[in-house]
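To start, the structure itself, in C-alpha cells.
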Amino acid sequence: MYRSRVDVLYHFPLCFVQSLLHAFGRGPILSLLHLSVHYADVELAMAMHAAILRQLEDTHLSNSLIAAYLKLGRPSYARKVFDEMSRRDVVSYTALISGFAKLAREDEAVGLFFEMRASVHALATKMGYLSCTYVSNVLMEFYGKCACLSIMLKLFDKMPQRGIASWNTVASCLVKELMYERALVRVHDMLQTDNFRVDYFTLSILLVASAGCFASMAGRELHAHALRSGFETNLSVKNALIGFYRKCGNVKNVVVLFERMPVKDVITWTEMVTTYMEFGLVESAVEFLYRMPVKNCVSYNALLAGYCQNGEVSRSLGLFCKMVEEGIELSDFTLTSVVYACGLLMETKTSEQIHGFVLKFGFGSNDCIETALLYMCTRCGRMADAEKMFHRWPSDQNNSIIWTSIICGYARHGQPDKAISLFCLGQAEGTMTLDEVASAARSLRGRDLLCACKEMTKMRCEHLLELLNPFPWKRDYKDYLNGIPLSDAL
DNA sequence: ATAGGGTTAG
C-alpha cells in the first residue's frame, strides 16, 4: 500500500525501477506515475523521470511523464521532457497543448499548435489521419477557441469518424460563443444522423445552453432524459440542473434539487449563493456562504457580485476589504464587481482609490473591468477620465454599455448637449440597440430628449416611444409628435 | 491524449 514517496523509493530504489522496466516493460512505471498524480507527489514523478531518463526515446513513457507533470502543476518540467524527446507523436502535442491551454498560457499553446500543424497535421491530412478522433477533436477545440467557428465546423463535417467527444466539443464551443440555440440544434441533429447517445458531458453542456437561451421546455426534457438514462446522478449534471432551474425556474426547484443531492461540491454550494442572490434573498446567500464546507475565490466573487446586484454597496465594499485583508485570491471578476460597487457609491475619493488599486495590481485589463471603470468614472463626476477611456476604446469592438454609461454621465453632470450629440451619433451608427437608446434616453430630461427625436427616423421614434413606456415624459413626447410632422424632422 | 457544472460591465 502506497503511503508516501519515501515508502515507494524505499521499497523500489531507482536501480530496481530500472530493472522493473527491463523485466516488465512500461506497466509498473505507468502505475507509479499514476500514483504520483493521485497523491499529488511531484517528487515521485521526478524519481520516475530519473529512472526512465535513458528511455526517453520511448514515446509512450515520455507522454505519460508529460501528462503527469501537467496534472501536478509543473508545466515547465513537462515542456522540458517534450523538448528532449527524440520522437514526438500526436499524443505528445495533444497533452502539452491542452495542458498549456488549461493554464491560460495561450501563446505557448498556439505556438505548439502551429508547430504541430507543420510537423504532424499536414502529414496527417495527407495520410487521411484526420480519422483519428483525438487529433480532430483537439484541432476543433483550438479553432473554436480562436473564434474560428466556421473552420471548426468544416473540420467537424469532414471527419470520417466522430466520437461522442467530437459532438461534445462542437456543442461546448458553440455555448462558449453564446450560440445556445445552435448548440441545441446541432446535438438534436446528432441524435438523428449518427446513432450516438448523449452522455453526462452532453447533458451538462446542453443544460447550460438551455439556461442561456431560456429554453425552458428543452431543459425540462433534458432533465427527463437524465432521469431515464441514469446520468442524473452525475455531479456535473446535477450542478448544471441547478443552474438551469436557477434561470428558468424558481428558488423552490433549486432547493429541492440541492437537498436531495447526496454529494455536493464547491460548485453546488456556489450555485446556491448565486441562486439566493438572484432572487434577492441576500441573507440566505450569506448564510450559505458561511455554511460552505469548502469555499474558494469564485464563491466569494458570487457573494460580492450578489451584494452589488442587490444594491448592498457598503456590504460589498466591506467584503472586498475582508478579502484583501485575509489574502483571499482576487481575480478580474472580483475587481469588476468592486469597481461597479464604487460606481453605485458615487464617491470620487473612493473611486480614485479603487482605480489606483486596479492599475497597481495590474490584472490584465479586459472588457468587463474597463467597462466597469468607465461606468464608475461617469458616476463619480470624473467625466474627463471617462472621456479619455471612451476615446481610447478600440472602435472595432464597439461596446454599447460604454456608450450608455457616458451618455448617462453627461446627462447626470449637467452637460445635456454632449449627451444629446453622442446619443444621436450612437443611434445613427447603430452602435446602440433600441433598448439601449431607451435606457440612455431615460437619463435625459424630457426637453433634451425632444431635441434628440428630430434626428431620428420615424420608425425608430415610434419604437422608442413603445420602449419608453412608462416614461414620465411620454405624454409631452406624444404631443410633440402630434404637433410637428415627422417628415419635417427627418 | 480529446469533451462538462459555479463568479464580472448599463
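Chain A is the first sequence line, chain B the second, and so forth, proteins listed ahead of strands; every chain is numbered from 1.
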Worksheet item: Would you call Tyr69(A) and Val81(A) a side-chain contact if the rule is heavy atoms closer than 4.5 Å?
Response: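 Side-chain contact under 4.5 Å: yes.
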
Worksheet item: Taking the side chain as C-beta and beyond, is there a heavy-atom pair between Phe357(A) and Leu330(A) under 4.5 Å?
Response: yes

[N] phosphate, OP1 or OP2: any side-chain N/O from [X] under 4.0 angstrom?
| X | N | answer |
| --- | --- | --- |
| Lys176(A) | dG4(B) | yes |
| Arg246(A) | dT7(B) | yes |
| Ser172(A) | dG4(B) | yes |
| Gln309(A) | dT8(B) | yes |

Worksheet item: Can you find a donor-acceptor pair, distance only, under 3.5 Å between Asp265(A) side chain and dG5(B) base?
Response: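 Indeed there is one.
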
Looking at the side chain of [X], which of [options] is the nearest nucleotide?
| X | options | result |
| --- | --- | --- |
| Asp199(A) | dT7(B), dG5(B), dA3(B) | dA3(B) |
| Ile205(A) | dT7(B), dG5(B), dG4(B) | dG4(B) |
| Ile164(A) | dA3(B), dT8(B), dG6(B) | dA3(B) |
| Ser236(A) | dG6(B), dG4(B), dA9(B) | dG4(B) |
| Asn296(A) | dG6(B), dT7(B), dA9(B) | dG6(B) |
| Asn239(A) | dG6(B), dG4(B), dG5(B) | dG5(B) |
| Ala165(A) | dT2(B), dT7(B), dA9(B) | dT2(B) |
| Thr371(A) | dA9(B), dT7(B), dA1(B) | dA9(B) |
| Ile401(A) | dG5(B), dT7(B), dA9(B) | dA9(B) |
| Ser204(A) | dA9(B), dG6(B), dG4(B) | dG4(B) |

Discussion item. Taking the six-membered ring for Trp, are Phe214(A) and Tyr180(A) closer than 6.0 Å centroid to centroid?
Written reply: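 No: the rings miss the under 6.0 Å criterion.
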
Spacing between [X] atom [atom1] and [N] atom [atom2], to the nearest angstrom:
| X | N | atom1 | atom2 | result |
| --- | --- | --- | --- | --- |
| Asn301(A) | dT8(B) | CG | P | 8 Å |
| Phe333(A) | dT8(B) | CZ | C1' | 6 Å |
| Asn63(A) | dT2(B) | CG | P | 12 Å |
| Tyr245(A) | dG5(B) | OH | P | 19 Å |
| Leu303(A) | dG6(B) | CG | P | 18 Å |
| Leu65(A) | dA1(B) | CG | P | 13 Å |
| Leu155(A) | dA3(B) | CG | P | 15 Å |
| Glu370(A) | dT8(B) | CD | P | 19 Å |

Categorize [X] for me: base, sugar-phosphate, or nothing, with a 4.0 angstrom heavy-atom threshold over every strand shown.
| X | result |
| --- | --- |
| Val237(A) | nothing |
| Leu207(A) | nothing |
| Tyr200(A) | base |
| Thr334(A) | nothing |

Item to complete: Verify the stacking flag for Phe201(A) against dG4(B): centroid separation must be under 5.5 angstrom and the ring planes must differ by under 30 degrees.
Response: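 Per 5.5 Å and 30° rule: no stacking.
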
Item to complete: Applying ring-ring contact (aromatic ring centres under 6.0 Å, His included), run through Tyr245(A) and His223(A) and close with a yes or a no.
Response: CA-CA 10 Å; Tyr245(A) 283 107; His223(A) 190 176; 5.5 Å; yes

Worksheet item: Short question: side chain of Arg379(A), backbone of Gly343(A) - any donor-acceptor pair under 3.5 Å?
Response: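 Checked: pair present.
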
Worksheet item: Using 30° and 60° as the class limits, which term best fits the ring planes of Phe258(A) and Trp269(A): parallel, tilted or perpendicular?
Response: perpendicular

Item to complete: Count the heavy atoms belonging to other residues, nucleotides or ligands that lie under 6.0 Å from NZ of Lys80(A), then report whether that count exceeds 12.
Response: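 Open: at most 12 neighbouring heavy atoms sit under 6.0 Å from NZ of Lys80(A).
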
